[in-house]
Every structure is written in C-alpha cells, then in structure tokens.
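Both counts, for ligands and for their atoms, begin at 1 and track the order of listing.
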Amino acid sequence: MDVLTSERRLAVDGGTPVRDVRARPWPAWPVGTDEDVAAVAEVIKGGKWTRWGGDRVVALEAQLQEYTGARRAVAVSSGTAALEVALKAVGVRPGDEVIVPAFSFVATATAVLQVGGIPVFADVLPETHNLDPDSAAALVTGRTRAIVPVHIAGLPCDMERILAVARQHDLRVVEDAAQAIGGVWQGRHVGTVGDAGCYSFQASKNLPGGEGGAVVTDDDRLADKAFALMHIGRVPGADFYTHDVLGWNYRLTEFQAALLLSQFRRYPALQQRRQDNAQFLRDALQDLPGVIPAREDPFVSAHGVHGYACRYVAARFAPGRRFPRAAFLRALRAEGIPCGVGYDHPLYKNPLFADAKEAMRDDCPFACGHAAALAVDYSRVHLPNVERLCAEETLWFPQPVFLGSREDMQDIVDALAKVREYAARISD
Ligand SMILES: Cc1ncc(COP(=O)(O)O)c(C=O)c1O
C-alpha cells in the first residue's frame with residue numbers, strides 16, 4: 001500500500017509537485033521595459049546608428065569604467081569578439097599556446113584559434129569549477145603566451161595564484177568574465193585584475209543587450225590597440241579611411257548601447273537580488289548533504305551569480321543507494337525546479353578539438369607552418385576533474401531563478417529535501 005500523501009510522493013511518480021510552474025512560473029529573462037523601447041526608438045529616430053557620430057557606445061564605455069573601476073573600456077559586438085580582441089591586443093601571435101580551462105563555453109578556446117593561437121586545456125578545481133592554477137602551471141612551455149581564467153557562473157577565480165604563475169613565466173592574463181559582470185575578487189571587479197578582461201552582453205547574461213561585449217583594461221596602450229582591432233584598424237582619432245593595423249569590424253551598434261544603458265539603470269537592484277537569493281540558497285544547502293554549493297574562498301568579495309553551480313555527490317545525497325545525477329535531475333525538474341548540468345562535456349571532447357586535424361585542416365594553426373609546433377593532440381587529453389564534473393556532478397541553477405522571491409528559493413530547498421527523502425527509501 002502507498003502510505004505517502006500525494007504531497008510527499010514525488011511528482012515524477014505522479015505526486016503533487018512542490019511548485020506548479022503553470023500557476024507560478026519562474027521569472028523570465030531577458031526583460032524589456034517601456035524605457036528600453038524608448039531608449040532604442042530615440043536612437044532609431046535620431047539617425048545616428050553607429051558609434052561613428054553617435055554617443056551611446058561612448059557613454060556605455062564610460063558607464064562600464066565607472067562600474068568596474070577599469071581605466072578603459074572598449075565596447076565590442078560580443079563576448080567572443082572581446083576575447084579575440086583582448087588576446088590579440090596582449091600579444092598572442094600565431095603558434096603561441098594559450099592555457100584555457102576545459103570547463104567553459106567554446107568561445108574561450110575558439111577565440112585563441114581565431115588569432116592563430118593554440119588552446120591548451122587545463123583542469124578545474126572541483127570545489128569551484130574554476131581554473132586550477134596548479135594544472136595551468138604544469139602546462140606552461142616555452143611557447144605559452146597567455147592564460148585565460150574563466151570566472152564560471154560569475155564566481156571569481158583564484159587570481160592571486162593565477163597571476164603568480166603568469167608572473168613566474170612572463171605570461172599575459174586575459175580574464176574571461178563573460179559570465180561574471182558583478183563578480184568581485186578581493187574588492188576588485190573581475191575583468192580588471194589581469195592584463196585585460198572580457199564581458200558578454202548576450203541576451204542570457206545578467207546585463208543583456210541582445211549581443212554585445214567589452215574589453216576592459218588599465219593599460220592605455222592595450223586599450224588603444226583593442227580600439228583599433230575593434231574598429232577595422234583605425235587607431236583612436238584616425239580619419240575614416242586611415243587604417244594603421246589589421247583589425248575587424250567588431251563595433252557595437254548605438255541601438256545595443258542604448259538598450260544596455262537602459263538595462264544598466266535596473267541592473268544594480270537586480271544584481272543585488274540575485275546575490276541575496278544565491279546567499280540564501282547557499283546557506284540552506286549547508287543542511288542538505290550531497291548538493292554542495294561552489295566554494296566561496298575568502299578572496300570572493302562578490303559572486304556574480306550568472307547562475308549558480310553546485311556539485312551533486314550521489315554517495316552523500318543517497319548513501320548506499322543508486323541515485324545518479326540523471327535520476328536526481330528528473331525528479332527535481334518534475335518538482336518544478338529548473339536545474340541543468342552546465343557543460344555536459346569538456347571543451348576538448350567537441351569534434352572541433354577531438355578531430356582537430358580533420359575539423360581544422362583548412363585553418364591556422366593546423367594548415368600553416370605553425371602546425372609543426374603543435375605538441376597537443378586533443379584526442380589524448382584527459383582531465384579527471386572536469387570529466388567527472390561534466391559526466392556526474394555539476395548542477396547549474398539558471399540565473400533568472402535568482403530574480404525570484406525568498407519563497408521561490410524556499411521551493412528549491414523544499415524540492416531538494418523531498419527528493420532526498422525519496423532517495424533514502426529507494427530499495428536496492
Ligand atoms: C565563458 C564564456 N566565454 C565567452 C562567451 C562568449 O560570449 P558571446 O556569446 O557574447 O560571444 C560566453 C557566452 O556565452 C561565455 O559564457
């Protein structure tokens with residue numbers, strides 16, 4: 001006989017879910033307001049649609065400087081473009097190796113390839129999902145030019161140890177802060193700690209402009225170089241048809257900048273809410289064995305909360321039972337809780353890398369003279385932490401969830417407790 005009331009029976013088994021998402025949907029993202037519409041309409045009607053003659057992109061750059069504390073900001077068309085511009089601006093040349101973590105979005109590595117460099121994948125720390133400085137240090141060779149720490153989900157990396165590795169080997173540090181605006185490391189905004197930092201304003205991000213990005217730096221020469229690379233090779237102050245360097249057209253439009261400036265007005269309050277809710281969840285999870293929030297080391301002054309990564313440890317969640325992550329997620333989602341796995345495979349498992357010689361046979365550095373320098377065979381890379389995280393452990397609560405109320409957060413906690421209670425009853 002089933003002795004469970006329908007509230008305690010799992011929704012996946014026909015019970016009542018903790019949250020009826022049709023009646024109480026989770027917050028949507030991105031959100032556009034009448035102010036956003038008016039800001040973009042003003043640009044459309046004003047006729048100045050590009051930074052050439054307009055003032056919105058320049059105002060956005062000033063706003064980013066003020067918010068992050070960076071001396072200079074250069075707006076670009078995407079986070080991917082920001083990485084390419086920054087890597088080239090810091091001096092990555094064809095054939096150079098660049099160390100990147102294997103747990104990230106693919107652009108972290110493809111940006112290296114797009115400037116002719118060779119991505120070398122490092123492992124991450126299981127406790128944080130962020131680049132393991134020791135793994136990075138072990139990969140340095142005479143050809144290494146730069147390291148790209150990625151502040152995953154907005155959680156600041158251990159920049160002190162990463163900078164120490166960089167200093168020891170004279171490497172540049174380009175921070176991939178695409179997910180991390182609002183993250184603060186030892187009182188400094190992430191992105192402003194290394195030689196250059198990169199943000200993304202893609203629609204899912206905490207500061208969304210549809211697409212968009214920025215490079216920030218304290219180094220004027222590097223900023224001027226980034227500007228020229230973004231602006232089809234025009235150095236600051238150059239005439240329209242004077243091009244001093246080889247660049248891209250990676251300009252942000254005035255429409256996007258107007259939208260971003262409008263979003264920026266609401267951003268601080270929304271970001272505070274994300275951080276408060278993430279803190280509440282983190283505290284609540286202390287009492288729930290087996291769902292372990294990403295560790296916040298003392299150097300973390302603020303988590304950027306572009307989502308919230310945890311680790312699922314089945315042996316602690318359901319000791320002595322077989323309750324793998326897939327079963328856990330099925331049960332949790334049926335309770336009305338959105339939760340993903342982050343990246344379900346390490347970057348080097350993508351066909352682009354696993355079959356690199358075929359996939360990139362027409363691309364530098366595989367099709368040019370630098371191929372000879374290629375010491376890396378991606379099909380042989382094996383990084384244990386990232387592989388275990390991707391296959392078994394990572395849980396990723398998406399960012400919009402943290403725009404909800406305390407009751408919304410409590411739903412997550414209640415659903416987790418309910419699933420755990422159930423897991424303890426599974427018969428072997
Ligand atoms: C870690 C990371 N790097 C780079 C990017 C690329 O940003 P964008 O999508 O704006 O090109 C993203 C965005 O998804 C990202 O998450």
Option nearest atom 7 (O) of ligand 1 (shortest heavy-atom distance, choices A203, G79, A111, A109) =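 Minimum heavy-atom distance to atom 7 (O) of ligand 1 goes to G79.
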State if S104 counts as touching ligand 1 under the rule of any non-hydrogen atom under 4.0 Å.
->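 For ligand 1, residue contact (heavy atoms, under 4.0 Å) with S104 is present.
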Would you check whether K205 reaches within less than 4.0 Å of ligand 1, judged by its heavy atoms?
->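 Right, K205 reaches ligand 1.
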Would Y308 and W396 count as a ring pair (Phe, Tyr, Trp, His ring centres under 6.0 Å) if you check the C-alpha gap in whole Å, the side-chain angles of each, and the deciding distance to 0.1 Å?
-> CA-CA 6 Å; Y308 197 73; W396 188 291; 9.6 Å; no
What I want to check is whether the side chains of [X] and [Y] have a donor and an acceptor closer together than 3.5 Å.
X	Y	answer
E175	H151	yes
T141	E97	yes
Y348	E387	yes
R274	Q399	yes

Should you measure from each heavy atom of [X], which atoms of ligand 1 turn up under 4.0 Å away?
X	answer
S200	7 (O), 8 (P), 10 (O)
Q202	9 (O), 10 (O)
V150	1 (C)
A178	2 (C), 3 (N), 4 (C), 5 (C), 12 (C), 15 (C)

Does a salt bridge link R234 with D244, judged by any charged N lying under 4.0 Å from a carboxylate O?
->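 The answer is no: the pair does not qualify as a salt bridge.
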What's the spacing between Q263 CD and E35 CD if we round to 0.5 Å?
->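 Nearest 0.5 Å value for the CD-CD distance: 10.5 Å.
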For ligand 1, is any non-hydrogen atom under 4.0 Å from T80's backbone (N, CA, C, O), its side chain (CB onward), both, or neither?
->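 Both of them.
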In the protein, what heavy atom is nearest to atom 3 (N) of ligand 1, and what distance, to one decimal place, separates them?
->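 Sorting protein heavy atoms by distance from atom 3 (N) of ligand 1 puts D176 OD2, 2.8 Å first.
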Protein heavy-atom partner closest to atom 16 (O) of ligand 1 - residue, atom, separation in Å |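 Heavy-atom neighbour on the protein nearest atom 16 (O) of ligand 1: Q179 NE2, 2.9 Å.
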